[in-house]
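In this text, all values refer to a predicted model and were calculated from it rather than measured experimentally.
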Amino acid sequence: MAYLKFNKSELVNLSYSLKREILSANKTGSYCNTSIVTCNTRRYHGLLAVTLDRFGGDRFLLLSDLDESLVIDGKRFNLGIHCYGDVYEPRGHKYVVDFSADPVPQITYKVGDILLRKSIVLATEKDQVLVRYDLLEAPSALALQLKPFLAFRNIHCLTHQNAEADTEGREIPGGVAYRLYQAFPDLNMQLSDAKAVFVQDPQWYNNITYSDEFRRGFDCREDLLVPGVFECRLKPGESVVFSASTALEDPKTFKRRFNSYVAKAGAVNSYHDVLLRNADQLITDHNNRKRINAGLTWMYTGLLRETLQALPGLTLYGMHSPALFEEILDNLIADEQERLFSRTTQVEAPLYLASVLQKYIDDFGADPAKVWKKYGSTVRGVLESYLPGVRKEVAMTDEGLLWARVDGVALTWMNAYINGRAVTERAGYQVETNAFWYNSICFALEMEQKFPTEDSAEFVARWTPIRDRVLAGFQPKFWNERLGILADYVDEAGQHLEMRPNQLYAIWVKYSPVDELLFPAILRAVDKELITARGVRTLSPRDSRYKGVYQGTQFERDLAYHQGSTRTFLLEPFVELSFKVHGASFWKRAQWLTEGFYEDLGKHGVGAFSELYDGDPPQEPHGAISSALSTAALLEIDYMLEKNREE
């Protein structure tokens, strides 16, 4: 895509190319993810990972890699690349001369007078990856050999040589099918060339090393089975398509379907198009049940907080689809009954529902009567669950505020752990939880008064005094006059005044329990200490616990995860509040705050928006390479920029 730029001279430099990842995901829950030179650096990398209901709906990596070799005049040139310890073998990256991602990932290799282009496409509606090879230039015909590396394991795990693996495949039209373990589906590997042959020669390739896992201090070595080698002949100008699928396919259709998928991918003509492409990839439709994937490739699908926060951005501000918004929300409510009404380790998450519905009504003109008729009982049920005696992790106190504590457990979105201990426990009265609590009560009371039912009068009579107690108690509890900020949380020891972004939500919610005259001061404090060119820091650099770089071992990264690394999604409330306080004059600043993310589209996940960044310059991207929260926030800010452009 024209909006992605790469340093072509650096493609052969592994320190450059291994940091940049190809990513495709489809509606079935499958994905294809590897580096731009197809050297896998994470356990999650592979050409085909699929969602398997038989294993509880988790994802499993079937095809890890596919090595190519060119044979001409008796000479073999290996284009593949693997890491073994600190040795890369073979070193096919040295032949890479070009990479592009418009409209699909394409890698061009040059071996003497030979020019070969490799293109990778993930089917949109089935568990299938297609790899096309075009022999662009060559002095004569040559042999193309393809060597598949099989894993058949959970994406979070590693596999090793074992006697249980079934290394005997069976012949199918145009190729072979393998099923290493009985409970798995077949992996059908086929070529479009009817004259291609497969020579079975099962061998384990041991101690393949994933450099990113090694750097993080995780288990990083595994053994993969290569069952044999495909071989076909190519003349200059000819092409062949390799398919790996859980279903038996017709090889005669591969080229046509490959071209169809490329055409469907479409051209990208703006950064907004990039956002929409990511939004589409993050919404799955597995078993005709639409849900949001929190982040590719290792985050989960259908999480409560992540879905609620990303839902408006992806479906409304991005795709302008109220029907999709409601379908995903309906599925979420059906799936998350326990977290919504009984127990959760993210106590603010159920309360976010009210804000989502408010956006639906206020920004997109949804009929409030219909919205409340459909979702009112859920909002009311959520509120009731926070009353004393329902939840063990959080409950309303006599002051009307919510107190959340389970010793040793982090009960908010800041939930990293080290050796079983929460890094940011934040037990007590949390500022954002109580802000969402107040907003939810106000929203429910507003709707019940506008659209009364038989028990509305009783509800209003019961909850109005609670609302009033929350309003009376919130600001005295959290506001610190000396610093001009809201405490992050309050416990028996008093206010905890570490500078964090959670206070943004207290002035962002539609019904804020904070005096509007205090908004500018809070916004200035956040701006001064937390706002960067790549999102909002999770902790001020002035704090002794601040970690400005997210790297190193799991221990070191968990220390930085909520202690300084930035989040893109926190820009959405900051930008919205800034427009509210400063008006359209904030437009240029808002544009600047998002420009950096588009500049980084050629880093980390190619064409995707990362989960987090370093708090310190030069602020490199980290975490999930395609984040639902980041993508949704940028779509919402894009909407705000358009809305305020004329003004």
If you count heavy atoms of other groups shown closer than 6.0 angstrom to [atom1] of [X], is the number above 12?
X      : atom1 : value
Arg54  : CZ    : yes
Asp455 : CG    : yes
Asp515 : CG    : yes
Lys510 : NZ    : yes
Tyr417 : OH    : yes
Arg421 : CZ    : no
Arg405 : CZ    : yes

Tell me if the centroids of the rings in [X] and [Y] come within less than 6.0 Å of each other.
X      : Y      : answer
Phe597 : Tyr613 : yes
Trp372 : Phe451 : no
Tyr438 : Tyr511 : no
Phe364 : Tyr317 : yes
Tyr300 : His156 : yes
Phe474 : Phe478 : yes
Phe184 : Phe60  : yes
Trp463 : Trp437 : yes
Phe519 : Trp508 : no

Original post:
Does Arg391 make a cation-pi contact with Tyr386, if we ask for NZ or CZ under 6.0 Å from the ring centre and within 45° of the axis?
Top reply: yes

Subject >> Stacked cation flag Arg567 on Tyr561, 6.0 angstrom / 45 deg >> reply: yes

**OP:** Working to the nearest 0.5 Å, report the span between CZ of Arg557 and CZ of Arg216.
**Re:** 5.0 Å

Original post:
Is Arg289 paired with Glu327 through a side-chain N to carboxylate O contact shorter than 4.0 Å?
Top reply: no

